[in-house]
Amino acid sequence: MNQEFSFPHRHANHHDEAFAALPQTANFEMVASTFKQLSDPVRCRIFLLLCHSEECVINIAAFMNMSSPAVAHHLKLLKVSGLVQTRREGKEVFYRAAQSNLAQELHRMIEKVMNLSCCNEK
Ligand SMILES: [Zn+2]
């Protein structure tokens with residue numbers, strides 16, 4: 001933190017270390033873009049499905065009652081952000097949540113926010 005910086009107000013709960021430890025705004029880009037991927041209810045729903053099951057675009061689209069191109073668009077965004085991974089088997093491409101700590105944490109977070117129990121643990 002800038003040595004010459006002084007706060008306009010002084011409050012009892014002020015904690016200098018919190019300000020000193022706070023990364024620059026530019027360092028939050030990855031966090032913001034990750035949450036941006038989950039800022040859409042349809043993408044959240046597809047992501048949560050793929051946390052529990054591997055599926056192809058056609059089945060996801062049928063289940064979601066959406067067109068395949070619309071679902072493919074959401075899957076592309078989730079894949080680019082690293083939250084979803086693919087596996088090719090012949091002509092078929094299967095999607096599932098990435099096997100990463102981040103994807104696992106977001107999976108748990110969605111279930112917590114929605115008060116759902118995880119169907120992987122039944
Ligand atoms: Zn779950």
Side-chain angles (χ1 to χ4, degrees):
M1 194 169 29
N2 187 341
Q3 296 281 321
E4 283 148 45
F5 181 83
S6 72
F7 290 93
H9 292 183
R10 266 285 163 189
H11 303 292
N13 291 336
H14 180 87
H15 190 206
D16 272 331
E17 286 75 15
F19 289 89
L22 195 64
Q24 296 296 313
T25 303
N27 298 114
F28 286 88
E29 278 300 332
M30 197 191 156
V31 181
S33 79
T34 299
F35 284 119
K36 190 176 170 189
Q37 296 317 312
L38 295 177
S39 67
D40 181 292
V42 169
R43 268 199 304 282
C44 281
R45 190 170 187 230
I46 292 172
F47 174 71
L48 193 61
L49 172 69
L50 297 177
C51 289
H52 303 119
S53 181
E54 187 183 59
E55 265 310 339
C56 69
V57 178
I58 303 295
N59 278 357
I60 298 168
F63 178 75
M64 298 286 292
N65 198 22
M66 291 173 67
S67 73
S68 294
V71 168
H73 170 74
H74 287 300
L75 289 170
K76 186 180 165 196
L77 291 173
L78 288 167
K79 191 180 177 188
V80 166
S81 68
L83 297 178
V84 157
Q85 64 188 45
T86 53
R87 180 176 66 85
R88 184 174 278 279
E89 201 179 292
K91 285 182 180 175
E92 202 80 89
V93 177
F94 293 96
Y95 293 82
R96 68 171 180 167
Q99 303 301 295
S100 66
N101 287 336
L102 177 62
Q104 280 295 314
E105 293 292 333
L106 294 170
H107 166 189
R108 301 290 170 223
M109 184 189 79
I110 292 169
E111 287 172 344
K112 249 181 201 160
V113 169
M114 295 181 71
N115 206 16
L116 298 171
S117 55
C118 185
C119 67
N120 281 353
E121 291 166 357
K122 280 175 190 163

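Computed over heavy atoms, backbone and side chain alike; hydrogens, waters and symmetry mates excluded. Whatever order the structure lists ligands and atoms in, that order sets their numbers, starting from 1. Keep in mind it's a predicted model, so treat the numbers as computed, not measured.
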Can you find a side-chain donor-acceptor pair between His15 and Asn13 that sits under 3.5 Å?
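No.
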
Kindly compute the distance separating CD (Gln37) from NE2 (His74), expressed to the nearest 0.5 Å.
10.5 Å

So that I can tick it off, tell me whether Glu105 and Arg108 are bridged by a salt bridge, with the cut-off set at under 4.0 angstrom between side-chain N and carboxylate O.
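Salt bridge flag = no for Glu105 with Arg108.
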
Geometric class of the His52/His107 ring pair [parallel <30°, tilted 30-60°, perpendicular >60°]
perpendicular

Of the protein N/O/S atoms, how many lie under 2.8 Å from the Zn ion (ligand 1)
4

Are more than 12 heavy atoms from other residues, nucleotides or ligands located less than 6.0 Å from atom CD of Glu29?
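No.
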
Donor-acceptor pairs are to be reported for all side-chain atoms of residues 58-68 against protein atoms at under 3.5 Å, with residues two or more places apart or in another chain.
| from | atom 1 | to | atom 2 | distance (Å) |
| --- | --- | --- | --- | --- |
| Asn59 | ND2 | Glu55 | OE1 | 2.9 |
| Ser67 | OG | Ala70 | N | 3.2 |

